[in-house]
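Read through the structure below, which is laid out as structure tokens, and then see the notes.
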Amino acid sequence: QVQLVESGGGLVQAGGSLRLSCAASGRAFRIYQMAWFRQAPGKEREFVAQISQSGGTTYYAESAKGRFTISRDNTKNTGYLQMNSLKPEDTAVYYCAADRTWYSDIRRGINDYDFWGQGIQVTVSS
């Protein structure tokens, strides 16, 4: 089992940046694949980015490519999502997710991840 807690959200103007953190406790974080999802009001939860256990492989949704960077520090049991050039359409609740499976490809489905944080609000004003 692993427990995930997001932080770093808030209100930012369009064009600004935020860095989300996902602190993990419980079993060794390094054995978990990690991802970020988001859910806007009235919409389904959608995949944003994914990172392998070692941090050596990353995948991004098209909407995140070139603006967002997913990373992790296994020594600190923490994952990150650096978000730059934010747009109003990035407004959503952001969730980190983790799973022990050693995926070798992109996994966009919410059912691909067993553990979830409680979510954190990101609001981008125009």
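Residue pairs meeting the side-chain hydrogen bond (donor to acceptor under 3.5 Å, both in side chains) criterion with at least one member in residues 9-25, sequence neighbours excluded, are Gln3-Ser25, Ser17-Asn84.
Within the 4.5 Å cutoff, side-chain heavy atoms of Trp116 are placed close to those of Arg45. A 4.5 Å side-chain heavy-atom check between Gln33 and Asp112 finds every atom pair outside the cut-off.
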For residues 4-12, please give each side-chain donor-acceptor pair under 3.5 Å, one per line with the distance, not counting sequence neighbours.
| unit_1 | atom_1 | unit_2 | atom_2 | d |
| --- | --- | --- | --- | --- |
| Glu6 | OE1 | Gln118 | N | 3.1 |
| Glu6 | OE1 | Gln118 | NE2 | 3.4 |
| Glu6 | OE1 | Gly119 | N | 3.0 |
| Glu6 | OE2 | Cys96 | N | 2.9 |
| Glu6 | OE2 | Gly119 | N | 3.3 |

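Aromatic rings from Tyr113 and Phe37 are positioned such that their centres are separated by under 6.0 Å.
No donor-acceptor pair under 3.5 Å is formed between the side chain of Arg38 and the backbone N or O of Val122. In this structure, the side chain of Tyr60 does not engage the main chain of Gly66 through any donor-acceptor pair within 3.5 Å. No donor-acceptor pair under 3.5 Å is formed between the side chain of Arg30 and the backbone N or O of Asn74. Arg72 contributes a side-chain N or O that, together with a main-chain N or O of Ser52, makes up a donor-acceptor pair within less than 3.5 Å.
Separation of atoms CD1 (Ile110) and OH (Tyr95) is listed at 10.5 Å; rounding is to 0.5 Å. Between the CG atom in Leu81 and the OH atom in Tyr94 there is a gap of 7.5 Å [rounded to 0.5 Å]. Annotation: the span from Arg108 atom CZ to Tyr59 atom OH amounts to 10.0 Å, rounded to 0.5 Å. Rounding to the nearest 0.5 Å gives a distance of 16.0 Å between OH of Tyr103 and CD1 of Ile51. To the nearest 0.5 Å, atoms OG1 (Thr58) and NZ (Lys65) are separated by 10.0 Å. Here the straight-line distance linking atom CD of Gln82 with atom CG of Leu18 works out to 8.5 Å at 0.5 Å rounding.
Met34 and Val48 fall within a single hydrophobic cluster, where Ile, Leu, Val, Met, Phe, Trp and Tyr are joined by side-chain heavy atoms under 4.5 Å apart, directly or via other members. One hydrophobic cluster holds both Ile31 and Val2 under the rule that ILVMFWY side chains link at heavy-atom gaps under 4.5 Å. No continuous path of ILVMFWY side-chain contacts below 4.5 Å connects Phe68 to Ile106, so the two sit in separate hydrophobic clusters. When hydrophobic clusters are built by joining Ile, Leu, Val, Met, Phe, Trp and Tyr residues whose side-chain heavy atoms come closer than 4.5 Å, directly or via intermediates, Tyr32 is not grouped with Phe47.
Between Ser126 and Pro88, the shortest heavy-atom contact is CB-CG, 3.8 Å. Nearest approach of Gln121 to Thr91, heavy atoms of both residues: NE2-CG2, 3.9 Å. Shortest non-hydrogen contact noted between Leu86 and Arg67 is CA-NH1, 3.9 Å.
Not counting sequence neighbours, Tyr80 has no partner by the ring-ring contact (aromatic ring centres under 6.0 Å, His included) test. Qualifying side chain to side chain donor-acceptor pair (under 3.5 Å) partners for Thr57, counting only residues two or more places apart in sequence or in other chains: none. In this view, Thr75 and Asp73 satisfy the side chain to side chain donor-acceptor pair (under 3.5 Å) rule, not counting sequence neighbours. For Glu89, the side chain to side chain donor-acceptor pair (under 3.5 Å) criterion is met by no residue, not counting sequence neighbours.
Classification of Arg107 and Asp99 as a salt-bridged pair fails, no side-chain N sitting under 4.0 Å from a carboxylate O.
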